[in-house]
Amino acid sequence: MSLETEDLLRDLSQNAESVCRHYLPAGRREGSYWMVGDLQNNPGRSLFVRLTGPTSGPGARGKWTDSATSQFGDLLDIIRERTGITRFPDLLAEARVHLGRPQPVLPDGNPSRSRKSPSGTPAAASRLFAASLPLAGSLAATYLRSRGITQAVPSAALRFHPKCWHRDEGQTRPVPRPAMIAAVTDGAGVLQGVHRTWLAPDGQDKAHVEIPRRAMGHLLGNAVRLSPCDSVLVLGEGIETMLSIREAAPSLPVWAALSSSHLGAVILPAGVQRLYIARDRDPAGARATERLTARASKDGLQVMVLEPQLGDFNDDLRAHGVEALRQHLAEQIGPEDLHRLPI
């Protein structure tokens with residue numbers, strides 16, 4: 001076990017009750033334990049999580065046992081079961097988001113001996129975005145059209161780089177590939193990171209590589225702001241997903257959080273009164289929606305969830321067309337916002 005994983009587990013154990021309240025809300029505290037029916041969050045008292053004790057070793061807080069099945073484990077096991085996350089790095093990312101810890105920035109891109117700033121920082125992200133080209137007429141525009149997206153996107157949000165360095169796991173040297181570059185900005189509009197989608201040579205699909213998407217910079221709490229926000233905001237995961245909603249309803253402000261792990265942590269701007277959460281239809285999307293709903297409702301926002309018919313709203317757009325997607329959104333959007341849909 002790495003030192004970083006051990007540190008995360010200690011932090012989770014110190015916040016064991018918070019983890020249980022979030023991921024096992026059907027349970028309740030009884031003395032020194034959180035009691036719940038099972039890992040599926042059914043009501044009951046078979047599974048108990050220790051809330052007191054040392055942070056490691058025998059009797060450590062955060063350890064759990066299911067007396068009905070004889071299963072046992074730690075808080076990461078609970079998070080894995082309740083989110084459906086299978087990859088260990090993604091599981092650690094989910095834990096960091098819950099704890100409010102920043103994600104580590106891994107070196108990426110073309111190796112450089114420059115001492116100006118290391119790769120992966122907001123400064124490196126800013127340099128990449130500044131070196132990118134406008135979207136219009138590019139392979140990135142071709143890619144978006146292949147996904148059913150035709151509405152123009154502000155160059156402050158999306159751009160194109162013809163030779164963005166890409167390296168798959170196990171490769172020793174990066175390869176330049178065309179890529180769509182998205183700006184990840186904070187509440188002041190300052191660029192804090194970028195998201196890269198590497199493209200096939202003809203732009204008709206993502207590049208046929210093991211990892212076609214990757215982000216760099218500071219992502220936690222920030223988002224890709226695809227259109228300006230007013231008193232209403234539609235927030236979801238993927239760029240293509242949110243552009244699909246914008247395709248059907250150009251007047252709705254849409255932001256992309258880039259992943260389920262980051263969706264629940266986006267810092268909502270002052271002035272927003274109604275929040276629509278455009279969820280993906282998977283367990284991770286459901287958990288992120290629950291987390292964001294709870295936080296936004298606590299802040300006094302009116303929260304409504306937009307459900308796709310298929311896996312996400314880009315799947316809906318490509319399968320059913322823009323008019324059908326618009327009608328599907330009209331059935332879910334509050335009456336005070338129906339005027340934002342084209343007649």
Side-chain angles (χ1 to χ4, degrees), residues 1-106 169 211 219-221 237 257-265 279-295 298 311:
M1 183 185 299
S2 70
L3 292 176
E4 199 264 347
T5 302
E6 290 180 358
D7 182 56
L8 263 180
L9 276 171
R10 279 194 297 270
D11 203 351
L12 286 171
S13 69
Q14 289 171 348
N15 294 274
E17 184 170 351
S18 167
V19 174
C20 291
R21 288 188 182 280
H22 184 77
Y23 293 99
L24 295 171
R28 63 178 184 178
R29 179 164 188 160
E30 295 187 17
S32 300
Y33 297 92
W34 187 265
M35 309 294 291
V36 70
D38 50 35
L39 282 177
Q40 286 70 49
N41 191 41
N42 291 309
R45 304 178 73 254
S46 296
L47 187 147
F48 51 94
V49 186
R50 183 179 290 275
L51 302 179
T52 61
T55 57
S56 62
R61 66 178 76 177
K63 298 293 186 180
W64 60 270
T65 301
D66 190 331
S67 59
T69 64
S70 298
Q71 291 176 290
F72 59 91
D74 57 32
L75 293 171
L76 279 178
D77 296 318
I78 291 175
I79 295 173
R80 179 190 292 111
E81 180 65 29
R82 295 298 299 134
T83 61
I85 295 172
T86 56
R87 294 184 68 251
F88 192 66
D90 296 338
L91 184 65
L92 296 183
E94 171 75 11
R96 293 187 199 100
V97 169
H98 179 78
L99 294 168
R101 294 172 57 157
Q103 303 292 344
V105 178
L106 301 178
E169 297 292 336
I211 304 175
L219 308 183
L220 192 67
E237 294 182 33
L258 299 177
S259 72
S260 59
S261 297
H262 289 94
L263 178 60
R279 61 154 294 186
D280 284 4
R281 193 178 287 276
D282 57 27
R287 292 301 305 166
T289 299
E290 290 177 12
R291 184 186 309 117
L292 182 56
T293 298
R295 182 162 61 86
K298 185 177 179 181

Legend entry - Under 3.5 Å donor-acceptor, Trp64 side chain and Asp74 backbone: yes
Inset, instruction - May I ask you to decide if Ser46's main-chain N or O and Ser67's side chain share a donor-acceptor pair within less than 3.5 Å? - result: yes
Inset, instruction - Quick one: which residue pairs count as a salt bridge (charged side-chain N to carboxylate O under 4.0 Å, His left out) with a foot in residues 36-61, not counting sequence neighbours? - result: Glu30-Arg45
Supply the atom-to-atom distance [X] [atom1] to [Y] [atom2], rounded to the nearest 0.5 angstrom.
X	Y	atom1	atom2	value
His22	Ile78	NE2	CD1	12.5 Å
Leu24	Glu81	CG	CD	9.5 Å
Arg10	Thr5	CZ	OG1	10.5 Å
Lys63	Leu9	NZ	CG	7.0 Å
Leu47	Trp34	CG	CH2	12.0 Å
Tyr23	Asn41	OH	CG	12.5 Å

Heavy-atom pair of closest approach, residues [X] and [Y]:
X	Y	answer
Val36	Asn42	CG2-O, 3.4 Å
His262	Ser259	ND1-OG, 2.9 Å
Leu292	Leu263	CD2-O, 3.8 Å
Leu12	Leu75	O-CD1, 3.3 Å
Ala265	Leu220	CB-CD1, 3.7 Å
Asp66	Gly37	OD2-O, 4.2 Å

Inset, instruction - Check the pair Glu237, Arg279 against side chain to side chain contact (heavy atoms under 4.5 Å, CB included), reporting the backbone distance first and the verdict last. - result: CA-CA 7 Å; Glu237 294 182 33; Arg279 61 154 294 186; over 6 Å; no
Inset, instruction - List for me each residue that meets side chain to side chain donor-acceptor pair (under 3.5 Å) alongside Thr65, sequence neighbours excluded, and say none if there are none. - result: none
Legend entry - Short N-O contact, Arg82 and Glu290, less than 4.0 angstrom: no
Legend entry - Over 12 non-hydrogen atoms of neighbours within 6.0 angstrom of CZ in Arg29: yes
